[in-house]
Amino acid sequence: MALFQHPARITRRILASQIMMTTSCQASTRHIHTSAAQTAASELLKKVKGQKFVRKQLLDGNQLQKLSLTLGRRSEFCTGEPPDGTYLPYGHHLVYFTPSQFESELGADGSDTTFNSPAPFTRRMWAGGEMLWNPQVQLRIGDRVEETTEILDAKAKKSRDGSEMVLVDVEKIFASPRGVALTDRRSWIFRQPLPAPPTGSIAPVITIPTTKSHIQDDTDLKAGYTMRNLVWSPVALFQFSALTFNAHMIHFNESWTRQVEGHPNVVVHGPLNLINLMNYWRDVHSRDGAIKAKSIAYRALSPLYAEEEYTIGTEAVEEGNGETIRYRLVVKRGEVVCMRGEVVGVRPR
C-alpha cells in the first residue's frame, strides 16, 4: 500500500540539515577497528532482526480521558469517558500499548529495556521518527487493535562531542478490525551511562513546585500564524509517566535527573512533545478536521524541562496545486530549537 512506503523526500528535507551525528566506523586501508558501539549494534540485530513482536489491546475510553485531563484540554473528553466509536486524535495512540515489564527487568534508570541496545549502551533517548496515517482507517475507542513491532536497523554513531552511541530504528504498525491505520517509525539513541556518583552522595532534592502547567495561544506577528506557549509542571509530567507506565526516572525523579543525569530539572517526555505538536497542528491548521494529516516526520534536537516555557509555532506552509499541504513546525525554548516537524496534510476532495 503506497501510503505506508517510507516517505524519503519528507525525511530528507527535515533531517538532512539537522543531522548531528556521523558513523563511528573509522576505517583505513590497512586496518578496520570494530568499536564497542558497532559490536552492540551487531549483537542487537543478531538477536531480533527479522522478528515481529505482536501485542493486542482494547482502546478504552478511560485512557483517552485521562490523557485529555493531563493535557489540560478542557473541551475534549474531560467531562466523561468518550464512547466507543470516538476517533483517536493524532498521536494519542502513544498512551496505549505501554511497557509490560516487571520492575526487576527495568534498567537502572527505570527505563523499559524491551528493545534496548546491549550494555554498556543503555541510556535511552528519543531521537525522532515519522508517523503515517491511513485516512480511510482511523483508530477508534472500542477497537481491538493489533500492534506489530519490528527492529529495522541498529547502527553505531558518534555524537558531536565524539562519544559513541547506538541508533536503533523501530517500526510499529497498528491495525484495527478495518485494516492498517497507522505506521509509527521511531529512532532511539542509546548512550553509555554517566559515571556513577559516590555511594551515599545522592541526597534527595527537595523543591516545592509552584508552577502550574498552562497553555496559551498568541499571534506570531512575524510568521503570521498562531504561536502556542506551554509550561509543564512536575506534577503533569508525573501524571504522563503514570499514564504511559513509564518508569524512566528522568521524567519524575528530581534527584536522579539532576545528580546522575546532569539535567537542570525533570525532562519533558518525547511522546508528550509529539502529542502537543500534533494537537497544535489540529487546532491551528486542520480547519476543524477538514484537512487530514497524512504523515509527520520529526526530529528531537534539545531537551525540554519542567517549569520552563517553550513555544510551538509554524515556520512555513507550502500549498501546492496538488491535494497535499506541507506544514513546517518548530518547537523552541527561547532561541534554542528543541524539535522540528513537518506535517503533510490532505485537502478534502
Does a donor on one side chain and an acceptor on the other come within less than 3.5 Å for [X] and [Y]?
X	Y	result
K212	S233	no
E307	N265	yes
Q101	T113	yes
S241	H269	yes
Y280	T314	yes

Check your understanding: Within a radius of less than 6.0 Å around CG of D288, do more than 12 heavy atoms belonging to other residues, nucleotides or ligands occur?
Key ->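 For D288, atom CG is not crowded (no more than 12 foreign heavy atoms under 6.0 Å).
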Distance-only, no hydrogens or angles: does the [X] side chain make a donor-acceptor pair with backbone N or O of [Y] under 3.5 Å?
X	Y	answer
R178	Q138	yes
T244	F240	yes
T39	S35	yes
R140	L59	no
N246	H248	yes
N134	V180	yes
H251	V267	yes
R287	R347	no
T257	I250	yes

Exercise for review: Given side chain to side chain contact (heavy atoms under 4.5 Å, CB included), test R191 with M125 step by step and report yes or no.
Suggested key: CA-CA 8 Å; R191 299 178 183 269; M125 302 177 185; 3.6 Å; yes
Transitive ILVMFWY side-chain link [X] to [Y], under 4.5 Å:
X	Y	answer
Y310	W126	yes
V137	V346	no
W188	V48	yes
I141	L69	no
I215	L274	yes

Exercise for review: Output, in order, the C-alpha distance, side-chain angles, deciding distance and verdict of side chain to side chain contact (heavy atoms under 4.5 Å, CB included) for I296 and W133.
Suggested key: CA-CA 9 Å; I296 180 174; W133 289 277; 3.6 Å; yes
Measuring from [X]:[atom1] to [Y]:[atom2], what's the distance to the nearest 0.5 Å?
X	Y	atom1	atom2	value
S286	Y327	OG	OH	8.5 Å
R328	E318	CZ	CD	5.0 Å
K155	M165	NZ	CE	12.0 Å
L71	Q239	CG	CD	10.0 Å
L182	Y90	CG	OH	11.0 Å
D217	R228	CG	CZ	4.0 Å

Of all residues at least two apart in sequence or in a different chain, which pass the ring pair (Phe, Tyr, Trp, His ring centres under 6.0 Å) check with [X]?
X	answer
F97	F174
Y87	none
H263	Y305
Y225	H285

Check your understanding: Is E323 paired with K294 through a side-chain N to carboxylate O contact shorter than 4.0 Å?
Key -> no
Can you name the closest pair of heavy atoms from [X] and [Y] and give their distance?
X	Y	result
V268	N273	CG1-OD1, 3.2 Å
L243	Q63	O-NE2, 2.8 Å
G142	D84	CA-OD1, 3.7 Å
S68	F77	OG-CD1, 3.3 Å
L277	G341	CD2-CA, 4.3 Å
P82	G61	CD-O, 3.3 Å

Would you check if [X] and [Y] make a side-chain contact, meaning some heavy-atom pair closer than 4.5 Å?
X	Y	result
R123	E261	yes
N276	M339	no
L272	L237	yes
E147	V145	no
L45	D153	yes
K47	P118	no

Exercise for review: Determine, stepwise, if the pair L304 / W232 fulfils side chain to side chain contact (heavy atoms under 4.5 Å, CB included).
Suggested key: CA-CA 9 Å; L304 292 163; W232 294 106; over 6 Å; no
Point to revise | Matching residue for E150 among R185, K52, K49, Q51 - test: side chain to side chain donor-acceptor pair (under 3.5 Å) | key: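 By the side chain to side chain donor-acceptor pair (under 3.5 Å) criterion, E150 pairs with just one of R185, K52, K49, Q51: K52.
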**Study point:** H92/N279 under side chain to side chain contact (heavy atoms under 4.5 Å, CB included): CA gap, chis, key distance, verdict
**Key:** CA-CA 9 Å; H92 286 43; N279 279 346; 3.3 Å; yes
**Study point:** Pair listing, ring pair (Phe, Tyr, Trp, His ring centres under 6.0 Å) test, anchored in residues 40-62, at least two apart
**Key:**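 Output for this query lists F53-F115.
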**Study point:** Trace of the side-chain hydrogen bond (donor to acceptor under 3.5 Å, both in side chains) decision for S187 with D169
**Key:** CA-CA 5 Å; S187 294; D169 295 322; 2.7 Å; yes
**Study point:** Residues forming a side chain to side chain contact (heavy atoms under 4.5 Å, CB included) with V330, sequence neighbours excluded
**Key:** E315, K332, V337, R340
